[in-house]
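Worksheet for the structure shown next.
Residues: numbered from 1 along the sequence shown.
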Amino acid sequence: MTKTLNDLITSLSTAAEKNNPRNPDDYIGENGLLYCGKCNTPKQCKFKALGREKIVFCLCDCKKREQEKEKQAEEEAKMVFRKQQIREAAFPDRDTRNFTFDIDDRNNAQASDLSRGYAASFDPKVSRGLLFYGDCGTGKSFYAACIVNAVIDRNYTAKYTSISEIEAELWAANDKKAVYDYFNGFDLLVLDDFSAERDTQYMQEIIFNVIDRRGKSGKPIIVTTNLTPNEINNATNTAQKRILSRIVGNCTSYLIKGADRRIDMHKRSNAQEIEMLLNYPLPENLK
């Protein structure tokens, strides 16, 4: 027992001496212990064990701060790596993964402010979901992806997916419940392009199960859709009625207006390519 304790003390002292070696500016204090010449705190201390006093090496204050900074930097690096893993798993492709508020041109300032505010105040325990609806290309998917990235930055988990992706996971799985549990496990779930999937009883059942589980768990969901307010409020199909009822009941609905930005971007890109080929600018009315 005595030997084991002495060995432990010696081992700790040796490690401290190795991590905090004597420097030219260090000095011996009045108590006979070695002091750091930089922070003027002991590099040695007296230790009593089993009635005997030993002088052992220890870490001075500046060395402790240095190690704390190194530990903090290591923890931050682990956090960055973890966030990157979560982000890569959150999105189906690299393009969507790159949708962040940093590249938001604020062409639709209100939609931008609403999305930023939602992400900044997001709390999976209290936040309601969002229903982004409107015409194609107005930025619904972009803002939903921006929210996902911002939420991940705040150390929450999130998943950006579609019913088609969930259906593919279910098709390949032996344990269907595990698939639903996986998608329901995220702090935030984005269901993109709702209503674009095949309108079959099987697909309707999948949609209902996903939406219903999120509602029962109290976790928020963001849904993007091209459905019009009339189609949302006046669904004739019973299956769609109960799905839309749950979506509207658990989400704040927001209409994102505007021109189709994909078409506008294509026009600008197309015009630039034509100008490069012609080697002179196009008239404004042809752009």
Side-chain angles (χ1 to χ4, degrees), residues 90-92 96 99 101 104 107-151 156 158-167 180 183-184 186-199 203-262:
F91 292 99
T96 314
F99 289 164
F101 289 122
D104 177 18
N107 186 52
N108 188 332
Q110 189 180 75
S112 176
D113 289 341
L114 181 142
S115 301
R116 291 167 187 265
Y118 183 87
S121 62
F122 178 79
D123 183 340
K125 295 179 181 178
V126 298
S127 294
R128 278 174 57 79
L130 286 176
L131 172 62
F132 283 154
Y133 65 98
D135 292 335
C136 296
T138 53
K140 301 182 299 295
S141 299
F142 172 77
Y143 284 119
C146 286
I147 291 172
V148 167
N149 269 312
V151 162
Y156 291 109
K159 178 69 176 176
Y160 183 103
T161 188
S162 65
I163 289 299
S164 298
E165 183 181 349
I166 295 174
E167 189 268 341
Y180 285 118
F183 285 102
N184 198 40
F186 293 95
D187 295 321
L188 176 65
L189 181 69
V190 170
L191 197 59
D192 187 45
D193 212 10
F194 168 69
S195 81
E197 62 280 339
R198 290 176 289 114
D199 189 10
M203 294 299 280
Q204 296 289 349
E205 180 184 350
I206 293 174
I207 299 168
F208 178 81
N209 285 336
V210 172
I211 300 295
D212 189 55
R213 284 168 182 259
R214 293 298 293 186
K216 287 178 177 177
S217 69
K219 292 180 178 179
I221 186 170
I222 294 178
V223 179
T224 74
T225 183
N226 295 330
L227 292 175
T228 65
N230 183 61
E231 290 171 324
I232 293 172
N233 296 322
N234 301 297
T236 55
N237 181 291
T238 302
Q240 274 213 339
K241 270 186 177 181
R242 65 176 188 158
I243 291 169
L244 289 168
S245 174
R246 279 165 173 76
I247 292 175
V248 172
N250 291 305
C251 296
T252 298
S253 302
Y254 182 75
L255 173 62
I256 299 186
K257 300 178 182 178
D260 190 327
R261 301 182 69 175
R262 295 190 190 97

Are Ile222 and Ile147 close enough, and set up right, to give a side chain to side chain contact (heavy atoms under 4.5 Å, CB included), and what steps lead you there? CA-CA 9 Å; Ile222 294 178; Ile147 291 172; 3.8 Å; yes
Residue pairs fulfilling salt bridge (charged side-chain N to carboxylate O under 4.0 Å, His left out) with at least one residue in residues 112-131, sequence neighbours excluded: Asp104-Arg116, Arg106-Asp113
From Lys241 atom NZ to Ile232 atom CD1, the distance as rounded to the nearest 0.5 Å: 15.0 Å
Beyond-backbone contact of Val210 with Leu189, side-chain heavy atoms, under 4.5 angstrom: yes
Flag, side chain of Ser127 to backbone of Pro124, donor-acceptor distance under 3.5 Å: no
Asn250 (side chain) donor-acceptor with Arg246 (main chain) under 3.5 angstrom: yes
If every non-hydrogen atom of Ala158 is compared with every non-hydrogen atom of Ala90, which pair is closest and at what distance? O-CB, 3.3 Å
Test side-chain contact (heavy atoms from CB on, under 4.5 Å), reference Ile221, set Asn184, Val190, Leu130, Ile211, output is Ile211
Grab the two heavy atoms, one from Phe122 and one from Leu188, that are nearest each other, plus how far apart they are. CZ-CB, 3.7 Å
Take a 6.0 Å sphere around CG of Asp135 and say whether it holds more than 12 heavy atoms from other residues, nucleotides or ligands. no
To check you understand the geometry: which heavy-atom pair defines the closest contact between Asn108 and Tyr143, and what is its length? O-OH, 3.5 Å
Side-chain contact test, heavy atoms from C-beta onward, threshold under 4.5 Å: evaluate it for Thr252 versus Tyr118 and give yes or no. no
Would you say the side chain of Leu244 lies within less than 4.5 Å of the side chain of Leu227, judging by non-hydrogen atoms? yes
Measure across Ile206 and Tyr180 and return the closest heavy-atom pair with its distance rounded to 0.1 Å. CA-OH, 3.6 Å
Give a yes or no on whether the backbone of Ala111 and the side-chain of Ser115 come within a donor-acceptor separation of less than 3.5 Å. yes
Closest heavy-atom pair, Thr161 versus Phe183, reported as atoms and distance to 0.1 Å, is OG1-CE2, 3.9 Å
What is the ring orientation for Tyr160 with Phe91, classed by angle as parallel under 30°, tilted 30 to 60°, or perpendicular over 60°? tilted
CZ of Phe186 to OG of Ser217, rounded to nearest 0.5 Å, is 13.0 Å
Mind checking what makes side chain to side chain donor-acceptor pair (under 3.5 Å) contact with Arg242, not counting sequence neighbours? none
How many angstroms lie between atom CZ of Phe101 and atom OG of Ser112, to the nearest 0.5 angstrom? 6.5 Å
For the CD1 atom of Ile243 and the CD atom of Glu205, what is their distance to the nearest 0.5 Å? 10.0 Å
Minimum side-chain heavy-atom gap Ile163-Met203 below 4.5 Å: yes
For the residue pair Asp193 and Ser162, confirm or rule out a side-chain donor-acceptor distance under 3.5 Å. no
Pairwise distance OH(Tyr133) to CG(Asn226) - rounded to 0.5 angstrom: 13.0 Å
Here's a test for you: under side-chain contact (heavy atoms from CB on, under 4.5 Å), which of Thr225, Val223, Thr224 qualifies with Lys140? Thr224
What distance do Gln240 atom CD and Ile247 atom CD1 have between them, rounded to the nearest 0.5 Å? 9.0 Å
Might you point out which heavy atoms bring Cys251 and Leu131 nearest each other, and give the distance in Å? CB-N, 3.8 Å
